[in-house]
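Here is how names work: the chains are called A, B, and so on, in the same order as the sequence lines, proteins then strands, and each is numbered from 1.
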Number of protein chains: 2
Amino acid sequence: MEAINPELLRGSLELMVLSTLFGGKKYGYLIQSTLWESSREVIEIKAGTLYPILHKLEKEGWVKSQWENDTGRRRKWYELTTSGKKQLRTRANEWRQYVECLRRVLGSLGEMSPQLA
Amino acid sequence: MEAINPELLRGSLELMVLSTLFGGKKYGYLIQSTLWESSREVIEIKAGTLYPILHKLEKEGWVKSQWENDTGRRRKWYELTTSGKKQLRTRANEWRQYVECLRRVLGSLGEMSPQLA
DNA sequence: TCCGCATACATTGCCGAGCGATATATTGCC
DNA sequence: GGCAATATATCGCTCGGCAATGTATGCGGA
């Protein structure tokens, strides 16, 4: 018995952050609001979750950051690195595989009384 | 800003166990192997995870159990209750909504170099 | 016969994700 | 002047999942 990467049984927030940065360079607070909107007001990543994730992503070399000093607001801009894009591709594929897997496991529920919501 | 049930950001193992029991009455070890097969050798729920889940599901009233005393092997059979079926329906819908949500968030990745795996 | 493996259930303790709470500082509006 | 929104950061808690461990039985092969 061998199994899938157990990491993605747990959260997919890192994936979402990486994905959001794929849309272009962003700072923390902007990542929060972008994610909130792209998920149609569903995913509300908390500050206490987001910043530690960003620090980790940087430590792993998947993003690089730069402080903005010119304008008034103090902002730290994050950008995907090459290895970050690779990581994103990997994670996205793992996610798709996991979804497909769950689809199979839940397959038999098709016959369940199909009450939506 | 309001958000979805944060529980399913975490694991979906309870959902999988409930779903497996929808296929009929089963004992712990059989749930493990059924899940393993229905997921095509991907989901390997560990004993240290499964049994605490089953105890919790019973405590919540979503399953009921009965010890098998006739045959040699000592087995505890679990069965979905009515409220358990309702719970399963709810959880399955939450899962589908979450998947749809992620699909939207990852939507922009469609243009990413489409290397499979 | 008996050793080892699969079966079968259970509990304890650890790890780590996500979050609430809190802290700090600035901008903009009423 | 005061309050909300913006912006980043850290600490400590909770809880899911799992490795490790314990116990016990049935079965096949050497």
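As rounded to whole Å, 16 Å separates atom C1' of C/dG20 from atom OH of A/Tyr51. B/Leu57 has its CG atom 11 Å from the P atom of D/dG16, to the nearest Å. Following rounding to the nearest Å, A/Leu54 (CG) and C/dA17 (P) show an atom-to-atom distance of 14 Å. Per the geometry, CD1 belonging to B/Ile53 stands 15 Å off P belonging to C/dC9, to the nearest Å. Rounded to a whole Å, the CG atom of B/Leu35 is 16 Å from the C1' atom of D/dC18. When rounded to the nearest whole Å, the span between CG of A/Leu50 and P of D/dA7 equals 13 Å. One can place CD of A/Glu68 at 11 Å from C1' of D/dA7, the figure rounded to the nearest angstrom. Rounded to whole angstrom, the span from the CD1 atom of A/Ile31 across to the C1' atom of D/dT8 amounts to 12 Å.
Remark: the B/Ser12 side chain and the A/Tyr98 side chain contain an N/O donor-acceptor pair separated by less than 3.5 Å.
Dashed line: the shortest gap from a side-chain N or O of A/Lys76 to OP1 or OP2 of D/dA9 is under 4.0 Å. Taking 4.0 angstrom as the limit, B/Tyr29 places none of its side-chain polar atoms (N or O) nearer than this to OP1 or OP2 of C/dA6. Under 4.0 angstrom from either OP1 or OP2 of D/dT10 there lies at least one side-chain N or O belonging to A/His55.
Between C/dT11, D/dA19, D/dA9, one nucleotide has an atom nearer to the side chain of B/Pro52 than all others, and that is C/dT11.
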Donor-acceptor contacts, no H, no angles, side chain residues 22-30 of chain B, under 3.5 Å, sequence neighbours left out:
from, atom 1, to, atom 2, distance (Å)
B/Lys26, NZ, B/Thr20, O, 3.2
B/Lys26, NZ, B/Gly24, O, 3.1
B/Tyr27, OH, B/Arg75, NH2, 3.4

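Using a 4.5 Å cut-off on side-chain heavy atoms (C-beta onward), B/Leu21 and B/Leu88 make no contact.
As judged by a 4.0 angstrom heavy-atom cut-off over every strand, B/Trp77 is placed among residues making no nucleic acid contact.
Residue order along DNA chain C, read from the 5' end via each residue's closest nucleotide, puts B/Tyr78 first among A/Ala47 and B/Tyr78. When the nearest nucleotides of DNA chain D are assigned to A/Gly28 and B/Arg74 by heavy-atom distance, the more 5′-ward of the two goes with A/Gly28. Where B/Tyr27 and B/Gly48 meet DNA chain C, the nucleotide closest to each residue was compared, and B/Tyr27 sits on the side nearer the 5' end.
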Anything under 3.5 Å between a protein N or O and an N or O of nucleotides 26-30 of chain C, put it in a table, one pair a line.
from, atom 1, to, atom 2, distance (Å)
C/dT26, O2, A/Arg73, NH1, 2.7
C/dT27, O4', A/Arg73, NH2, 3.3

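The side-chain hydrogen bond (donor to acceptor under 3.5 Å, both in side chains) search around B/Thr90 returns none, not counting sequence neighbours. Residues satisfying the side-chain hydrogen bond (donor to acceptor under 3.5 Å, both in side chains) test with A/Glu14, not counting sequence neighbours, are A/Lys56, A/Arg91. B/Arg73 is linked by a side-chain hydrogen bond (donor to acceptor under 3.5 Å, both in side chains) to nothing, counting only residues two or more places apart in sequence or in another chain. In this structure, the side-chain hydrogen bond (donor to acceptor under 3.5 Å, both in side chains) partners of B/Arg96, at least two apart in sequence or on a different chain, are B/Asn93.
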